[in-house]
Engineer: 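Okay, handing you the structure first.
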Amino acid sequence: MSGENEKPSLVYGEIKDNQNVLDLEKITIMKSAVDSEDVRMEHKIRLNQNGDDTNQTIKLYKRRWFIVLLFSSYSLCNSFQWIQYGIINNIFMRFYGVESFTIDWMSMIYMLTYIPFIFPVTWLLDKKGLRVIALVATAMNCAGTWIKVTSVRPNLFAVTMLGQFCCSLAQVFILGMPSKIASVWFGSEEVSTACSIGVFGNQLGIAIGFLVPPILVPNIEDMDQLAYHISIMFYITAGVATLLFLLVVMVFQERPELPPTQAQATARCISPEQYSYTASILRLLRNKPFLLLILTYGLNVGCFYAVGTLLNRMIIEHYPGEELNAGRIGLTIIIAGMVGSLICGIWLDRTKTYKQTTLTVYLMSFVGMLVYAFTLSLGHLWVVFLTAGALGFFMTGYLPLGFEFGVELTYPECEGTSSGLLNCSAQVFGIMFTICQGKIIDNYGTLAGNIFLCVFLFIGSVLTGFIKSDLQRQKANQLAKAT
């Protein structure tokens with residue numbers, strides 16, 4: 001029967017452009033139980049599938065925390081290498097006999113590699129799942145670290161660049177995964193916190209990348225001693241990367257046996273054979289709120305990439321010989337951002353105020369950048385530490401907010417695809433901002449370069465206010481519970 005007021009029924013096994021997974025005819029909560037060993041919460045739901053009743057059990061497994069922590073660990077190892085050259089830019093310039101801009105590319109290659117490879121990687125994620133992506137990521141990262149071990153000679157810059165390229169390729173398999181792991185493994189009341197933990201590893205790796213290289217590789221004149229110190233750093237990184245690769249091979253699991261949420265239970269009913277990756281991309285590109293988020297996310301994170309890449313140059317210009325403190329300032333930015341990420345993740349899980357929180361953090365990133373820009377040249381390092389920490393709390397804290405907001409706006413599309421598009425935008429803007437700010441600093445000084453970034457943060461703040469808060473995933477979960 002059909003009628004004017006009849007709701008369209010959900011067709012499992014296929015998502016059409018005119019069909020929404022929220023059109024769920026009937027969900028009946030059957031049972032609530034607690035498994036003391038392996039499950040925090042269990043519900044049974046009955047899904048109406050073309051007239052047939054099918055039981056689905058929903059569970060939260062304790063091992064979900066190990067999975068997200070393992071992911072965070074290999075993300076940490078990879079992101080450490082993003083900044084390990086740039087934070088001691090002047091030392092690597094002298095060792096390899098290259099220009100400062102060439103060393104900047106050791107960081108920017110992470111951004112450049114991401115852009116052409118993200119679409120094949122998200123397609124592979126859709127087809128093969130999380131475990132294959134994790135294996136490839138850790139294998140590439142491990143290979144890159146050992147290539148670098150062989151490059152510790154002044155005439156082997158091309159070899160160390162090859163190693164960095166391998167690590168940058170591994171990053172493509174890592175950067176968009178936090179929201180996917182959170183959705184596949186975690187309950188609806190903890191997905192934002194789990195996503196924050198996933199991003200936490202990336203941030204901690206960058207923090208260690210700011211702190212450790214200036215300690216392990218001092219600015220000394222003896223080239224043989226300098227090569228020894230560089231090799232120590234590369235060997236430590238290779239050892240950690242190898243251990244993490246072996247752990248992923250042995251214990252990383254594709255997904256839990258039973259889904260953690262009603263939304264995931266519904267998503268599992270979609271047949272992989274009838275899922276179209278191209279159609280998914282096209283649907284995302286027709287989603288106007290998500291397109292605005294792609295633009296604003298790219299502006300914010302692109303500014304962060306530029307600040308991180310050029311931090312050594314900015315600090316050394318005003319505080320000569322302070323390579324170690326430049327690393328500590330970078331550490332302060334990231335540690336403050338990690339705190340901001342966790343606080344924002346917990347706040348989102350409790351309040352679900354995605355747009356309001358995103359807009360507030362974005363505006364505060366703009367304010368923090370302004371304060372940092374005008375205090376950098378005052379001559380007091382303790383002031384720089386304070387302003388850099390405030391900047392990091394909001395700018396780096398924005399990272400998981402963007403991921404989770406994107407998943408909400410695009411459900412039921414694959415989380416890896418939406419995160420991949422956000423990160424692709426960030427890489428494009430990161431390259432543009434790093435090159436432009438570097439040239440502005442060379443010609444007009446650090447203040448002009450930082451004001452350049454402030455302009456785009458202000459534009460991003462304004463555009464964020466125009467994003468329509470259409471939280472599709474929350475609606476799916478609420479509808480299931482209400483029914």
Engineer: Can you measure from CG (Leu386) to CD1 (Ile329) and round to the nearest 0.5 angstrom?
Structural biologist: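 Reported to 0.5 Å precision, the distance equals 10.5 Å.
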Engineer: Can you measure from CD1 (Ile230) to OH (Tyr85) and round to the nearest 0.5 angstrom?
Structural biologist: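 Reported value, rounded in 0.5 Å steps: 8.5 Å.
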Engineer: For Ile431, is there any backbone N or O sitting under 3.5 Å from a side-chain donor or acceptor partner on Thr434?
Structural biologist: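 Between the backbone of Ile431 and the side chain of Thr434 there is no qualifying donor-acceptor contact (under 3.5 Å).
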Engineer: Given 3.5 Å as the limit, does a donor-acceptor pair link the side chain of Ser168 with the main chain of Phe165, or not?
Structural biologist: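 Here the side-chain-to-backbone pair exists.
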Engineer: Closest approach of Val68 and Gly198, non-hydrogen atoms and distance?
Structural biologist: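 Scanning both residues completely, I find the closest heavy atoms to be CG2-N, 4.1 Å.
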Engineer: Answer yes or no: does atom CZ of Arg131 have more than 12 heavy-atom neighbours from other residues, nucleotides or ligands under 6.0 Å?
Structural biologist: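 Count over threshold, so yes.
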Engineer: Quick one: does any side-chain atom of Ser425 pair with a main-chain N or O of Leu421 as donor and acceptor, under 3.5 Å?
Structural biologist: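 Flag not set: sc Ser425 to bb Leu421 has no pair under 3.5 Å.
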Engineer: Whether the Glu408 and Tyr354 side chains hold a donor-acceptor pair (N or O, under 3.5 Å, no angle test) is what I'd like checked.
Structural biologist: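 Indeed, the side chains of Glu408 and Tyr354 share at least one donor-acceptor pair under 3.5 Å.
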Engineer: Check step by step if side-chain contact (heavy atoms from CB on, under 4.5 Å) holds for Leu324 and Ile215.
Structural biologist: CA-CA 7 Å; Leu324 194 56; Ile215 296 173; 3.7 Å; yes
Engineer: Could you pull out all donor-acceptor pairs under 3.5 Å where a side-chain atom in residues 294-305 meets a protein atom, sequence neighbours excluded?
Structural biologist:
from   : atom 1 : to     : atom 2 : distance (Å)
Thr296 : OG1    : Leu292 : O      : 3.1
Thr296 : OG1    : Leu293 : O      : 3.2
Tyr305 : OH     : Gln427 : NE2    : 3.4

Engineer: Hey, is the main chain of Val159 close enough, under 3.5 Å, to the side chain of Ser151 for a donor-acceptor pair?
Structural biologist: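 Looks like no, no N/O pair under 3.5 Å.
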Engineer: Looking only at non-hydrogen atoms, find the nearest pair between Gln81 and Thr145 and report the distance.
Structural biologist: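 Looking at all heavy atoms of both residues, the shortest contact is OE1-CG2, 3.2 Å.
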Engineer: Lys355 side chain to Lys468 main-chain N or O, any donor-acceptor pair under 3.5 Å?
Structural biologist: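 Looks like no, no N/O pair under 3.5 Å.
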Engineer: Classify the ring geometry between Tyr398 and Tyr362 as parallel (under 30°), tilted (30 to 60°) or perpendicular (over 60°).
Structural biologist: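 Geometry flag for Tyr362 against Tyr398: perpendicular rings.
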Engineer: Hey, are the side chains of Phe252 and Thr138 touching, using non-hydrogen atoms and a 4.5 Å cut-off?
Structural biologist: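 No, side chains not in contact.
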Engineer: Can you confirm whether Gln253 sits close enough to Ile67 that some side-chain heavy atom of one is under 4.5 Å from a side-chain heavy atom of the other?
Structural biologist: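 A side-chain contact under 4.5 Å exists here.
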Engineer: Please round to the nearest 0.5 Å and tell me the distance separating atom CD1 of Ile118 and atom OG1 of Thr113.
Structural biologist: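 So the CD1 of Ile118 and the OG1 of Thr113 are separated by 12.0 Å.
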Engineer: Hey, what's the ring geometry for Phe433 with Phe429, parallel, tilted or perpendicular (30° and 60° as the breaks)?
Structural biologist: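 Correct class here is tilted.
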Engineer: State, to 0.1 Å, how close Lys148 and Gly163 come at their nearest heavy-atom pair, and which atoms those are.
Structural biologist: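 Shortest heavy-atom contact: CE-C, 3.9 Å.
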Engineer: Step by step, work out the side-chain contact (heavy atoms from CB on, under 4.5 Å) result for Gln84 and Phe234.
Structural biologist: CA-CA 10 Å; Gln84 71 177 155; Phe234 286 165; 4.0 Å; yes
Engineer: Please report the shortest heavy-atom distance between Thr332 and Gly389, naming the atom on each side.
Structural biologist: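 So the two residues come closest at CG2-CA, 3.7 Å.
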Engineer: Side-chain contact, heavy-atom cut-off 4.5 Å: Phe405 with Thr357?
Structural biologist: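 The answer is no; the side chains never approach within 4.5 Å.
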Engineer: I need the Phe119 CZ to Tyr114 OH distance, nearest 0.5 Å.
Structural biologist: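 It is 9.0 Å, given to the nearest 0.5 Å.
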Engineer: Run Met177 and Ile133 through side-chain contact (heavy atoms from CB on, under 4.5 Å) and show every step you take.
Structural biologist: CA-CA 9 Å; Met177 295 305 105; Ile133 296 297; 3.9 Å; yes
Engineer: For this output row, return yes or no: ring centroids of Trp65 and Phe186 closer than 6.0 angstrom.
Structural biologist: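 Close enough - the centres of the two rings lie under 6.0 Å apart.
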Engineer: Would you say Asn325 and Phe385 make side-chain contact, with heavy atoms under 4.5 Å?
Structural biologist: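 Contact flag for Asn325/Phe385 side chains = yes.
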Engineer: Indicate yes or no: at least one non-hydrogen side-chain atom of Phe80 is less than 4.5 angstrom from one of Val212.
Structural biologist: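 They are in contact (side-chain heavy atoms under 4.5 Å apart), so the answer is yes.
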Engineer: More than 12 heavy atoms of other residues, nucleotides or ligands under 6.0 Å from OH of Tyr235: is that the case?
Structural biologist: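 Result for OH/Tyr235: open.
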Engineer: Looking only at non-hydrogen atoms, find the nearest pair between Asn141 and Ala241 and report the distance.
Structural biologist: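 Closest approach of Asn141 to Ala241: ND2-CB, 3.8 Å.
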Engineer: Counting heavy atoms not belonging to Trp347, are there more than 12 under 6.0 Å from its CH2?
Structural biologist: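 Count not over threshold, so no.
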Engineer: Could you check whether any side-chain N or O of Thr396 sits under 3.5 Å from a backbone N or O of Phe393, counting only pairs where one atom can act as donor and the other as acceptor?
Structural biologist: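 A pair under 3.5 Å: no.
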Engineer: Measuring centre to centre across the rings, with the benzene-like ring taken for any Trp, is Tyr74 within less than 6.0 Å of Phe71?
Structural biologist: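 For Tyr74 and Phe71, the ring centres are under 6.0 Å apart.
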Engineer: Under 4.5 Å between any side-chain heavy atoms of Met369 and Met395, yes or no?
Structural biologist: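 Yes, side chains in contact.
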Engineer: Rounded to the nearest 0.5 Å, how far apart are CD of Gln171 and CG of Asn202?
Structural biologist: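 Output value for this atom pair is 7.5 Å.
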Engineer: Determine, step by step, whether Thr309 and Met111 satisfy the side-chain contact (heavy atoms from CB on, under 4.5 Å) criterion, reporting the C-alpha distance in whole Å, the side-chain angles of both residues, the deciding distance to 0.1 Å, and the verdict.
Structural biologist: CA-CA 11 Å; Thr309 302; Met111 309 174 206; 3.8 Å; yes
Engineer: Do Phe92 and Thr160 have side chains that approach each other closer than 4.5 Å (heavy atoms only, starting at C-beta)?
Structural biologist: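 Side-chain contact under 4.5 Å: no.
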Engineer: Locate the shortest heavy-atom distance separating Glu254 from Val184; write the atom from each residue and the value.
Structural biologist: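 Residues Glu254 and Val184, closest heavy atoms: O-CG1, 4.3 Å.
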Engineer: Determine whether Leu70 and Val251 make a side-chain contact, defined as any pair of heavy atoms from C-beta on separated by less than 4.5 Å.
Structural biologist: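 Result yes, sub-4.5 Å side-chain heavy-atom pair found.
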Engineer: In Å and rounded to the nearest 0.5 Å, what is the CE to CG distance from Met108 to Leu112?
Structural biologist: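 Result: 9.0 Å between the selected atoms.
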